[in-house]
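The next block holds one structure in the form of structure tokens; read it before the comments.
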Amino acid sequence: MEIKEIKIEDLRPEEFIKQKIKEISSVVGDGLAVNALSGGVDSSAVTMLGHKALGERLKTYFIENGLMREGEPQKIVSLFKELGVPVEIVDAKKEFFNALKGITDPEEKREAITQTFYKDVFGRLVKESGAKYLLQGTNYTDVEETVAGVKRQHNILEQVGIDTQKQYGYKVIEPIIQLRKSAVREIAKALGLPEEIYKRPPFPGPALSARVIGEVTPERVETVRKATKIVEEELSGTGAFQYLAILHQDRVTGVRGGRRDFGLQIEVRCWESKDALVGTPTKLSYDILDKLAARMTQEVPGVVSVTYNITRKPPSTIEAV
Ligand code: XMP
């Protein structure tokens, strides 16, 4: 299927919303649908569209995969509760960590997450609820990067030849697949989502596992989670497109309390970009970099080295995995 982009200059948010509500209602009919809300702008916009179209016939879940940022599940659930949208948290931490055990190859990690998400967790939720449809927030850039072979974005299914009905037992509806991120933000705003959602920096589908080089274990995710919190606190005021912390696999020698400490390395990235297809590192002040290094080494157990990535995309990518 050829997907045609709707450029932001051609987008009429109110019309688009009306049209998508109509489409979702007519596809789902009087059946049931489910969707996963991560709190990112894409899944938030789709959640609102779905609820406007289906009301209680859409069941929204927050999949707690153990890979999300600190406090995220509770924060997002209470934010949507205020908007009148009930969201159920599904604890799937064990399933994800079991699937990721021993895997170090980036594409194998993505595959493990895709299978756990769509086959195991959603397969089960769909069966239990009797839903026939999954609504999801795939956007135009996700399709482009996957088709170009840069990275397999975990939500891309049909475009890589997966028949979800056959393999997982449900059909997928993708209302924002023709939009890039900036257009999705317009839609999210027009849907009445708060600014903290429609202006949120992007966050990858595989969550913090996209920022752990090597094996993804609960302990290693906890390290990157703490580092992410610091990066977000220190860099949210920069207005940059995206900022993140990466945990490296190699250890390096450091010194702490006068003794050798063979410790962890955190890499910080901060990007200027419009649509994530190309990017340049933000020219952060030395004071900010210094503060990041000080906080990381004091507040994240085991970290003895902090670096800042100065590479453009391409040849770098935004995430590390
Ligand atoms: P990359 O790392 O490919 O990221 O330059 C481009 C943008 O997509 C976001 N993003 C993902 N990245 N796997 C990724 O590697 C995913 O499944 C995914 N989902 C979203 C990423 O954060 C960046 O903004």
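Counting starts at 1 for both ligands and their atoms, following the listed order. Positions are given from 1 along the sequence.
Close contacts of ligand 1 with T317, meaning ligand atoms under 4.0 Å from a residue heavy atom, involve 1 (P), 2 (O), 5 (O). Near A276, meaning under 4.0 Å from any of its heavy atoms, are these atoms of ligand 1: 6 (C), 7 (C), 24 (O). Heavy-atom contacts of P202 reach the following atoms of ligand 1: 24 (O) (cutoff under 4.0 Å). For ligand 1, the atoms closer than 4.0 angstrom to any heavy atom of I318 are 1 (P), 2 (O), 4 (O), 5 (O), 23 (C).
Salt bridge present: E88 and K59 bring a charged side-chain N and a carboxylate O closer than 4.0 Å.
Note that R260 lies in the cation-pi zone of F262, set by a 6.0 Å cut-off to the ring centre and a 45° limit from the axis.
Nearest-residue assignment for atom 13 (N) of ligand 1 (options R110, Q242, R269, E319; heavy-atom criterion): R110. Nearest-residue assignment for atom 5 (O) of ligand 1 (options K181, K109, K313; heavy-atom criterion): K313.
Ranking protein heavy atoms by distance to atom 2 (O) of ligand 1, first place goes to K151 NZ, 2.6 Å. Protein heavy atom at the shortest distance from atom 16 (C) of ligand 1 is Q153 OE1, 3.0 Å. The closest protein non-hydrogen atom to atom 3 (O) of ligand 1 is E145 OE1, 3.0 Å.
For R211, no nitrogen or oxygen atom sits less than 3.5 Å from a nitrogen or oxygen atom of ligand 1, counting backbone and side chain alike. At least one N or O atom of G205, backbone or side chain, sits closer than 3.5 Å to an N or O atom of ligand 1.
Smallest separation of non-hydrogen atoms from S305 and V252: CB-CG2, 3.7 Å. The shortest heavy-atom contact between W271 and T317 is CZ2-O, 3.4 Å. Taking every heavy atom of both residues into account, L83 and P194 meet most closely at CD1-CD, 4.2 Å. Nearest heavy atom pair, residue S38 against residue E72, reads O-OE2, 4.1 Å.
Counting heavy atoms from C-beta outward, E70 and T228 have side chains that stay 4.5 Å or more apart. Inter-residue side-chain proximity for I8 and R180 is flagged as unmet; no heavy-atom pair is nearer than 4.5 Å.
Using a non-hydrogen distance threshold of 4.0 Å, P206 registers as a contact of ligand 1.
Between F117 and F122, the two ring planes are tilted [angle within 30° to 60°].
For P204, heavy-atom contacts with ligand 1 shorter than 4.0 Å involve the backbone as well as the side chain.
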